[in-house]
Amino acid sequence: MRAALVVVATSSALLSSHALALAAAPATPAPIMTMVEQDLDGDTYPVPHGRATIDINSAVAITIDKAAVAKAVVPSSGSATAALASDYATFQKAVAQIAAALTVFTKETTDLKSLPTAERVKRRQELVRTIRPVADAIDPLLKYAKATATGTTQDPAAQARRTAFLQALNKALDIPPGTSIAAQDQIILQTAQGELQRLQAELNTALQKEGVNLVMGAWIGTTSGATPVHLPNFDDYPELPRTEIDRFKVVFTAEQQQQYQDAQAAASMINGGQASDAARQIVTALIDQYFSATRDSLKALQAALQDLRQVAQPPVGTLLNDLSALDQLLTADLQWLQQTITTLEGMVTTDPSGLLTAIEQDWNDLKTRAKAVEDSIQKIDGDVAKAAAAIKAALVKVDTALQDVKTSAAGDVTNLASAIGRAINGVELNAATLAFGDKIRRFDIDTLPLSTRLDAERAGARSEGDELVVKFGIERPNTPTIDADVQSLIMRRLMLHVQTAAGLVFTTRPRLPQDGDKKVPFQAAPSYSAFLKKGWRGCPFWNNLLAPGIGINVAALDFDLDGVPEVGVGAAISLLRDWLQGGVGYNLFQRRWYGFVGIGLPLPTFGMVTTNNSGAGGAPATSSPK
Amino acid sequence: MPKTTTVLPANPAEARRLLLEKLKTDTVLFVVLGEGAGPTALANEAIRFAGDDDDPRAVICAPHTADIVDAIKGLNSSPPTLTDTIVAGNAAAFTTSAEGEIRDVIALDETVDNVRVLQAYTRAEES
């Protein structure tokens, strides 16, 4: 059973007091959310801020730093509210730090008093080290109070706050001599806590006037998209039942069984001398898987071009025929004209009286011929218009098909890149697009819970590489919600676990008489593997790419080539997400040792070695409800 | 139980020796300079915040500042200008860390309240 996780009320104590310098603002704002992962063994790990990797079965304790919230809520400096928020943040951090450090110091001093004198003197000297964190935490508050005297604060309201705090502190510190340091510091802590409550109320009133709401939400991102995940105290989403991803269950999924059968078919082809056919099938499978849209759009382009040819052929043919007819007509007209001119020239000397009649006749012939040419040209005009209209429509279709080819090719390349990226880096949600829905509760700074717990086991269906995103937002009327803090948690199988694989291995096999003088023979064989693996927090290269494993491989061999499968069992290591594996095995039937290698590709159906739980391309990890 | 003040003797060499000895005791020191009503009042305030017997704070009164100036010059100071203030005779008191480093100086013209005395101790106790 998972041990209860104690949530510290604030993370401020973890910060150095130097970060509390009153005047200097930090270059990057302090994170609002601090997270500690607790795995199934109960071990805890601080979660690096921003993007981090956690185990797929872990829970994460989330602590809210109200000081950071206050600074994030009023980001612009110079206003009275900003000064108030800054003071609030100072007190919030200081109080948390003092409380944490003083607990340790007080215990030390109390323990000290119960010791014998000799040991007491020795331990007394160690107190100067225990007291340091207390002093580090208190100094900023004393500096704050004394800022009135030094005049470092210009804002009258801020000045008044400091003066009031100084007076309260001086009054509270009217202590008798002999009061222990721990007691003095307790007085300072109590006075600061009172001031903190007063500042919080004042800040809350100011923010309520501005209509500010504070929200926090969590989402799980899988290959299916993003889904909200319940965060206790922060939303009204239902709590899902706990589902643990099995760590040591050796189960071969239906997809892996299919991969085994594919590998069997490939092995049969390779061993039968049809390696190139097997390779072709793999390439075809690759194209079908990753370039189907491009392939389909290319087919559409081909059809559009055929349409163009068919559509253009009839009107263009008619046009060509008509042009040919016009050509013939014009040639005939030219010949007639030359002949007529020659005849008329002869008549000038031989038959001047008949010339006029001849000219009139020829003129009429000329008009008839011109009309025929005109009709022919008009017909050609019509043909051109018809051909242009038909070709234009077909060309538009060709152009559209071309655009589709470009778009689908770009899409396929992008999808392939995303698939590879998902396989290596996991799912990446665009946090900016995750909206705080109606079921997310709205808080002010008074009512804001200080902690919650995100349980990956209650996040629903998930696979290795899926992402949890937690966002802290600030809502204001009529403005987009500000994501004040975003934490991304990539879920990996970091704890020791078994990962199964099915695929194709190449083994050395003993030489047979029929091999002749060929090189050392090898044999392709389908195989199942089970690897022991462990993740490495803080090393994405290890988790996302290297992913080494050590385990066993069981292959269906046929060393004597009699068609009867022999079982080979071997020790195997895998690298690069099982894309590479190798090892040494023993053929139980033939009683022979052999070496083998497997080259895996992330093929979902015709894979050589493809494992489950391998991110986008892999099958979901086997899981069982608790 | 309230602590008592250690008053440095009138003999300059002895005063210097005692101060240096106290500086080696893994204790934060609040050293009040000068004599008269003002230093006495300040020493009483310092005693009030020196804690109980087990707490690593101690109060030293140095009636004759000149006697220990050389010793003070030999101490580390953070920031370094603190030593100059003391040597120039502008300090009413100063505090040293457990390692014997000067950490804070209360100037003669400062208004000393509870918070200021406590602040002087705290600065000496910081990292």
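Here is the naming used below: chain letters follow the sequence lines, and residue numbers restart at 1 for every chain. These numbers come from a predicted model, not from an experiment.
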Beyond-backbone contact of [X] with [Y], side-chain heavy atoms, under 4.5 angstrom:
X        : Y        : answer
A:Lys113 : B:Asp52  : yes
B:Gln119 : A:Asp139 : yes
B:Val28  : A:Ile131 : no

Neighbours of chain A found in [range] - heavy atoms under 4.5 Å:
range                       : value
residues 62-82 of chain B   : none
residues 104-114 of chain B : B:Thr111, B:Asp113, B:Asn114
residues 12-26 of chain B   : B:Asp26
residues 91-99 of chain B   : B:Ala98, B:Glu99

- Kindly indicate, with the supporting measurements, whether the criterion side chain to side chain contact (heavy atoms under 4.5 Å, CB included) is fulfilled by A:Leu166 and B:Val115. CA-CA 8 Å; A:Leu166 179 63; B:Val115 171; 3.7 Å; yes

Looking only at heavy atoms and a cut-off of under 4.5 Å, which of [options] has the most pairs with chain B?
options                                : answer
A:Lys171, A:Arg129, A:Arg132, A:Glu126 : A:Arg132
A:Asn170, A:Val128, A:Asp185, A:Leu142 : A:Asn170
A:Asp174, A:Thr109, A:Ile138           : A:Asp174

Specify the closest pair of heavy atoms between [X] and [Y], including all atoms of both residues, with the distance to one decimal.
X        : Y        : answer
B:Arg57  : A:Gln184 : NH1-OE1, 3.1 Å
A:Leu173 : B:Phe49  : O-CZ, 3.4 Å
A:Leu127 : B:Pro56  : CB-CG, 4.0 Å

- Relative to chain B, which segment of A:Leu112 carries a heavy atom at a distance below 4.5 Å: side chain, backbone, both, or neither?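 Only the side chain of A:Leu112 comes within 4.5 Å of chain B.
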
- Task: Measure the NZ-CG distance between A:Lys146 and B:Leu118 for me, rounded to the nearest 0.5 Å.
- Result: 11.0 Å

- Query: How about A:Asp136 and B:Ser127: does a side-chain donor come under 3.5 Å of a side-chain acceptor?
  - Reply: yes

